[in-house]
Amino acid sequence: MTTPPLQPSEVAALAARHQLGRLEKAFAPKRLGKMLFALHVYTLLHLSVFFLVPGLLFFRWLRRYPNFSRKQAAKRLYLFEHGLIVQPQFGSGMTAFRWESVKLYQDITQLFVNGLPTPTKYVYSVAAPSYGGAEITEFYENPETWGPLLQEAVLLAQGPAVLEAIVEGGTIDLGSLSLSRTGISSTKNGHLPWSAVKEISVKGGSVHVMKFDMPSPWSTATVSGIPNLYVFLAIARNLTPAVEAG
């Protein structure tokens, strides 16, 4: 992670155009470790000597990594006071978003092969009207840091207005779940008053809504299908003080 004192001129211009405010964090692409980098170089040299075409194809594949491409190494994920700018892992250009207009989806997965964990995959999908969309992945270093920062920034920008809208009688649609002043609704299970909600928890990539008189979840929704997860959890805490939401 870096916090450069100066931004490239095109990034600064885009941030000014969208009034993103102060630059707070910048994250660089994650580089391959020494052992993996050495293995890739060895494989490239071996293929290039004995199999020219496969060697060229392998080199082209390697250029997705910042270790083998200056263009990739120069990319950044910029977090500003009022939004973000992201440069995609594949392709060129950059996209700016403001926190108050973002729908943010997270999908964090880890598979086990023969009982051994594989590297965790992080995919944060960002979308906003008139801004387009982008995917931010573990291509950028420290996703366990920038991921929560994205969610917290959206919560800070949107949470108060969402809570006010619900208190005034509105309903907020969050994928398969929706929230209102009277309770939580599921597209599969209907409506559950807040007084009947025992617990809302996030486990194994799913949001579980527990009802007081049920041993199993009243409703289960995938985290990846809920926009602005932290907003959802914060609203649940505010409307049901007895609920353990987290």
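Any value given below was found using the heavy atoms of this structure, including those in side chains, with hydrogens, waters and symmetry copies removed.
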Next item on the list: Measure the spacing between CE of Met210 and OG of Ser219 and express it to the nearest 0.5 Å.
Entry: 11.0 Å
Next item on the list: Starting from the C-alpha separation in whole Å, work towards a yes-or-no answer on side chain to side chain contact (heavy atoms under 4.5 Å, CB included) for Lys71 and Ser92.
Entry: CA-CA 9 Å; Lys71 182 179 178 180; Ser92 57; 4.0 Å; yes
Check: Looking only at heavy atoms, which two atoms of Ala236 and Ile200 are closest? And how far apart?
Finding: CB-CD1, 3.6 Å
Checklist line | Any side-chain heavy-atom pair of Ile136 and Leu150 under 4.5 Å | finding: yes
Next item on the list: Determine whether Gln89 and Lys75 make a side-chain contact, defined as any pair of heavy atoms from C-beta on separated by less than 4.5 Å.
Entry: no
Next item on the list: Report whether Leu149 and Leu156 are members of the same hydrophobic cluster (ILVMFWY, side-chain heavy atoms less than 4.5 Å apart, transitive linking).
Entry: no
Margin query: Apply side chain to side chain contact (heavy atoms under 4.5 Å, CB included) to residues Val86 and Phe97 and explain how you reach the verdict.
Written below: CA-CA 9 Å; Val86 60; Phe97 300 90; 4.2 Å; yes
Note to self: So, taking the atom named CG in Leu179 and the one named CG in Asn238, what distance separates them when rounded to the nearest 0.5 Å?
What the structure shows: 11.0 Å
Notebook entry, point to check: Taking Gln158 for the side chain and Val102 for the main chain, is one N or O donor matched with an acceptor at less than 3.5 Å?
Noted result: yes
Item checked: salt_bridge(Arg22, Glu81) N-O dist < 4.0 Å -> yes
Note to self: Less than 4.5 Å apart, side chain to side chain, heavy atoms only: is that true for Pro88 and Phe139?
What the structure shows: no
Notebook entry, point to check: Any idea which heavy atoms bring Ala221 and Ser176 closest together, and the distance?
Noted result: CB-OG, 3.4 Å
Note to self: Looking at Ser186 and Lys188, would you say the former's side chain and the latter's main chain have a donor-acceptor pair under 3.5 Å?
What the structure shows: yes
Checklist line | Trp194 side-chain N/O to Ser180 backbone N/O, donor-acceptor pair under 3.5 Å | finding: yes
Notebook entry, point to check: When rounded to the nearest 0.5 angstrom, what distance separates CG in Leu20 from CG in Leu84?
Noted result: 8.0 Å
Notebook entry, point to check: Taking the side chain from Asn189 and the backbone from Trp218, do they hold a donor-acceptor pair closer than 3.5 Å?
Noted result: yes
Item checked: Value rounded to 0.5 Å, distance of CG in Leu174 from CD1 in Ile184 -> 8.5 Å
Check: Would you find a donor on one side and an acceptor on the other, under 3.5 Å apart, between the side chain of Arg76 and the backbone of Ala26?
Finding: no
Note to self: Taking the ring of Trp99 and the ring of Phe80, is the distance between their centroids below 6.0 Å?
What the structure shows: no
Check: Is any side-chain heavy atom of Tyr105 less than 4.5 Å from a side-chain heavy atom of Ser224?
Finding: no
Margin query: Taking Ala128's backbone N and O only, do any of them form a donor-acceptor pair with Arg98's side chain (distance below 3.5 Å, no angle check)?
Written below: no
Next item on the list: Look at Glu138 together with Lys121 and state whether they make a salt bridge at an N to O cut-off of under 4.0 Å.
Entry: yes
Item checked: Side-chain heavy-atom pair Val202, Val223 within 4.5 angstrom cut-off -> yes
Check: Are Ile235 and Val162 close enough that some pair of their side-chain heavy atoms sits under 4.5 Å apart?
Finding: yes
Next item on the list: May I have the step-by-step check of side chain to side chain donor-acceptor pair (under 3.5 Å) for His208 and Thr220, ending in yes or no?
Entry: CA-CA 5 Å; His208 302 282; Thr220 298; 3.3 Å; yes
Next item on the list: Please step through side chain to side chain contact (heavy atoms under 4.5 Å, CB included) for the pair Met94 and Tyr78, ending with a clear verdict.
Entry: CA-CA 10 Å; Met94 62 186 73; Tyr78 296 98; over 6 Å; no
Check: Taking side chain as C-beta onward, heavy atoms only, is Leu239 less than 4.5 Å from Arg181?
Finding: no
Notebook entry, point to check: Do the non-hydrogen side-chain atoms of Gln151 and Leu104 ever get within less than 4.5 Å of each other?
Noted result: yes
Check: Do Trp146 and Tyr124 pass the side chain to side chain contact (heavy atoms under 4.5 Å, CB included) test, and can you show the C-alpha distance, the side-chain angles, and the key distance before you say yes or no?
Finding: CA-CA 10 Å; Trp146 56 252; Tyr124 284 79; 3.4 Å; yes
Item checked: Flag for His191-Ser185: side-chain donor and acceptor within less than 3.5 Å -> yes
